[in-house]
Amino acid sequence: MTTVVVPEVMGILNVTPDSFSDGGRFRHIDQALRQAEQMVADGARYVDIGGESTRPGAAAVSLQEELDRVVPLVEKLSTRVDVLISVDTCKTSVMQEVLPFNVRMINDIKALQDEGAVALLAQYSTDICLMHMQGEPRTMQHQPHYSEVVEDVSDFLAERMAICTSAGIARERIYLDPGFGFGKSVTHNYQLLQRLEQLHRLEQPLLIGMSRKSMLGQVTGRPVEERLAASIAAATIAAMKGARILRVHDVKQTVDAMNVVAATLAGDWT
Ligand code: 7PJ
């Protein structure tokens with residue numbers, strides 16, 4: 001019998017600046033903990049904590065602000081909720097502060113390009129997600145250009161992976177992500193999704209994030225709050241193409257979809 005791998009679901013837990021203004025940090029942490037508990041109840045295996053907005057056009061967040069948002073939450077979550085913790089950061093100093101806690105993954109949209117990041121991670125056993133991005137979040141959607149998007153993304157990921165492994169990071173710790181929406185036109189995004197299997201030649205597990213992204217808005221004409229159906233379709237496609245982890249906002253609905261995928265791949269529902 002062949003082993004059927006259905007992706008794990010990673011729930012997105014954004015720690016937004018607004019949540020600080022209404023009632024202070026404790027309330028904000030409590031709220032985030034409750035949200036994490038709900039995601040676990042809904043079937044999430046991971047929660048991904050991000051303190052920096054990386055949406056197109058977003059302003060950079062200061063180091064101190066990101067630390068204040070992320071570190072106390074990681075600390076509390078690691079002792080109170082039974083879930084694998086992923087931290088979405090591209091700053092070496094943030095990684096340094098969260099790594100001593102029970103963090104399972106560092107999810108870096110800049111693929112450990114910040115100074116000292118690779119050397120730091122080489123001292124730990126945490127998993128790492130290396131994501132591809134063209135340009136910087138503030139400007140990345142201004143005319144992205146590739147000679148061939150799948151090849152270029154694949155070459156970049158292979159190169160970053162080689163840098164990690166030569167620094168002593170075991171291959172088994174590395175997940176790869178083509179970075180949907182990060183310096184990519186709609187066409188680039190759909191070419192990547194259509195040919196996602198080609199990234200399996202890198203022989204690493206893939207982490208995929210398309211939840212509510214503009215590539216879904218552009219083909220459906222829906223605003224961000226009405227992209228659930230499109231997000232589920234995208235997650236299902238990624239699952240059928242062999243993604244290992246799906247990074248999503250809507251955990252419960254994605255888990256339902258993954259149960260359908262699991263039954264289909266197994267030809268059985270038990
Ligand atoms: C991704 C991410 C993604 C990984 C964000 C958003 C933008 N990390 N962080 N992959 N996207 N690994 O969720 O819309 O696609 S932030």
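Ligands are counted one by one from 1 in listed order, and the atoms in each one are counted from 1 as well. Being a predicted model, the structure only gives us computed values, none of them experimental.
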Practice problem: May I ask you to check whether over 12 heavy atoms, not counting those of His200, lie within 6.0 Å of atom NE2? | Solution: yes
Practice problem: Name all residues meeting the ring-ring contact (aromatic ring centres under 6.0 Å, His included) criterion together with His188; count only those two or more places apart in sequence or in a different chain, and write none if there are none. | Solution: Tyr146
Quiz item: Heavy atoms, side chains only, cut-off 4.5 Å: are Thr89 and Val70 in contact?
Solution: no
Quiz prompt | Modelled atom types, side-chain donor and acceptor of Ser231 and Asp250, under 3.5 Å | solution = no
Practice problem: Hey, could you give me each pair passing side-chain hydrogen bond (donor to acceptor under 3.5 Å, both in side chains) that has a residue in residues 97-111? Not counting sequence neighbours. | Solution: Asp48-Asn107
Quiz prompt | Hydrophobic cluster (4.5 angstrom, side-chain heavy atoms) - remaining members for Met10 | solution = Tyr46, Leu84, Met105, Tyr175, Leu207, Ile245
Quiz prompt | Protein residues that have a heavy atom under 4.0 Å from any atom of ligand 1, sorted by chain and number | solution = Thr54, Asp88, Asn107, Ile109, Cys129, Met131, Asp177, Phe182, Leu207, Gly209, Lys213, Arg247
